[in-house]
Amino acid sequence: MRNIFAAFARIAMIVGLAGATGMPAGAQNLFDTVITVNDQSITRYEIEQRARMLSLFRAPGDPAKLAREQLIEDRLKLDAAKADGIVVEDTDLQAGIEEFAGRANLEAEQMIRQLEGAGVARSTFREFVRAGISWREVTQSRFARRVSVSESDLERARSAVSGQAGVRVLLSEIIMPTDGVDPQVMQERATRISEITSEAEFSSAARNYSATASRDRGGRLNWQAITDLPPGLRQIVLGLGPGEVSDPLPIQGAIALFQLRDIEELEAPVQEYSAIEFAAYYIDGGRSEKALARAARIDADTDTCDDLYGIAHGQPETVLERGTKAPAELPTDIAFELSKLDPGEVSTTLTRANGQTLVLLMLCGRTPKLEDDGPTDEALSGFIRNQRLQAFSEGYLEQLLAEARIIEK
């Protein structure tokens, strides 16, 4: 599926949009029809607007050509949504806009203002997002129940989630407090929600029942690496197909439900570490020339953390600290500095004692996180179902393109 959201999930932070160079308009009337798709018009203005926006998004390829292709596909996607009775409500459209903007670390209105400053109309961006949401709903409603999984698919999925490839997911959440609520009422409500297959219905339920800040966004969360999720939740999420909702998950004081909106395999995995070993040698004088010069000599005379014992010999024990900690247990500043280093390398960026003590920080080594038993076959089947769903979607779009009456000028 030429998924609009997945295609630009890796867009860079949009910086300086207002200073971007616009594309010159032709001498012809901007609102002349240049493409007809099943008797629907695409104007020169729409193409120039989409091309301008794609340029700002750093989309690969020729922006003008890509704009024409996308707008043709968008007409067909929206037609298919209309035929299936799918309507994107304003609240869901706004949530989709916020989701897209969040990938560039921007608020929705901030992104729209920057686009407008660069000559891209608000309506251009809104229709771009609307087509993506509509197609996702079409794909789910038509093909979710038609996917199948083979043993070879499971083998490939095991490879994908075992560290040989990275996976990230797009989730929505509902967290319902159980305090003060009749248990039977709560269970019946949670069961009804778990049977939802529509993103719009789940969003409505989130707004009505969820207690988290995401309720105002219909429970929608941004893209997350699967490794960022708690291990137990990873398997639950991988067991879902797009649009499916997890079984009610009891947590302390609440019941949680998650809907998978999308899933994507990344080009490279993210390495996880269970422990970081480091050494810190403390030098009086802070960032004075004398202290920094001593740090430089120590750096030149040492290759490993063990060498620091010789440097500290005969001095108080407090001058040298060596330890092994889980990444989450490290102080933020130390963790950040260590993330830049290879084993044996040092950093002299940090100080302690209100700047009076220089920290010579050395990375001793990192312990890779050992693999657990891995996800269950049920969870892997969910991952594969998504891949099959994408294949159905791509095939359906190709069918629509083949059957369409497309006239280009």
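For reference, positions follow the sequence shown, starting with 1.
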* Asked: Rounded to the nearest 0.5 Å, what separation is found between the OH atom of Y209 and the CE atom of M176?
  -> 8.5 Å
* Indicate the atoms forming the closest heavy-atom contact of R220 with A95, along with that distance. => NH1-CB, 3.3 Å
* Give a yes or no on this: more than 12 heavy atoms of other residues, nucleotides or ligands lie within 6.0 Å of atom CD of E107. => no
* Structure fact -> CZ of R113 to CZ of R122, rounded to nearest 0.5 Å, is 8.5 Å
* To do: Taking the side chain as every heavy atom from C-beta outward, state whether M53 and Q49 have any pair of such atoms under 4.5 Å apart.
  => no
* So, are R261 and E99 salt-bridged, with charged N and O less than 4.0 Å apart? -> yes
* To do: Go through the side-chain N and O atoms of Y282 and E321 and say whether any donor and acceptor fall under 3.5 Å apart.
  => yes
* To do: Examine distances only and state if a side-chain atom of S210 and a backbone atom of R207 form a donor-acceptor pair shorter than 3.5 Å.
  => no
* Does the side chain of L71 reach to within under 4.5 Å of the side chain of I35, using non-hydrogen atoms? -> no
* So, R366 and E277, do they make that salt bridge, N to O below 4.0 Å? -> no
* Asked: To the nearest 0.5 Å, what is the distance between CD1 (I97) and CZ (R130)?
  -> 8.5 Å
* Charged N-O contact under 4.0 Å between R50 and D74 -> yes
* From CG (L341) to OG (S347), nearest 0.5 Å -> 6.0 Å
* Might you point out which heavy atoms bring G96 and I133 nearest each other, and give the distance in Å? => CA-CD1, 3.9 Å
* So, for L397 and W135, which heavy atoms are closest and what is the spacing to 0.1 Å? -> CB-CZ2, 3.8 Å
* Taking atom CZ of R322 as the centre, does the number of heavy atoms from other residues, nucleotides or ligands within less than 6.0 Å exceed 12? -> yes
* Do D299 and E345 come within less than 4.5 Å of each other through their side chains, counting heavy atoms only? -> no
* Close side-chain approach of L221 and S214, heavy atoms under 4.5 Å -> yes
* To do: Given ring-ring contact (aromatic ring centres under 6.0 Å, His included), test F100 with F57 step by step and report yes or no.
  => CA-CA 11 Å; F100 191 95; F57 287 167; 5.2 Å; yes
* **E46/R68 salt bridge by N-O under 4.0 Å criterion** => no
* Shortest non-hydrogen contact from S134 toward L78 -> OG-CD2, 3.6 Å
* Would you say L30 and E48 make side-chain contact, with heavy atoms under 4.5 Å? -> yes
* Asked: Okay, side chain of R352, backbone of V359: is any donor-acceptor separation there less than 3.5 Å?
  -> no
* Looking at D84 and R142, does any basic side-chain N land under 4.0 Å from a carboxylate oxygen? -> yes
* Asked: In Å and rounded to the nearest 0.5 Å, what is the CE to CG distance from M362 to D306?
  -> 10.0 Å
* To do: Compare every heavy atom of L257 with every heavy atom of F202, then report the nearest pair and how far apart it is.
  => CZ-O, 3.9 Å
* Asked: At their closest point, which heavy atom of D284 faces which heavy atom of A291, and how far apart are they?
  -> O-CB, 3.5 Å
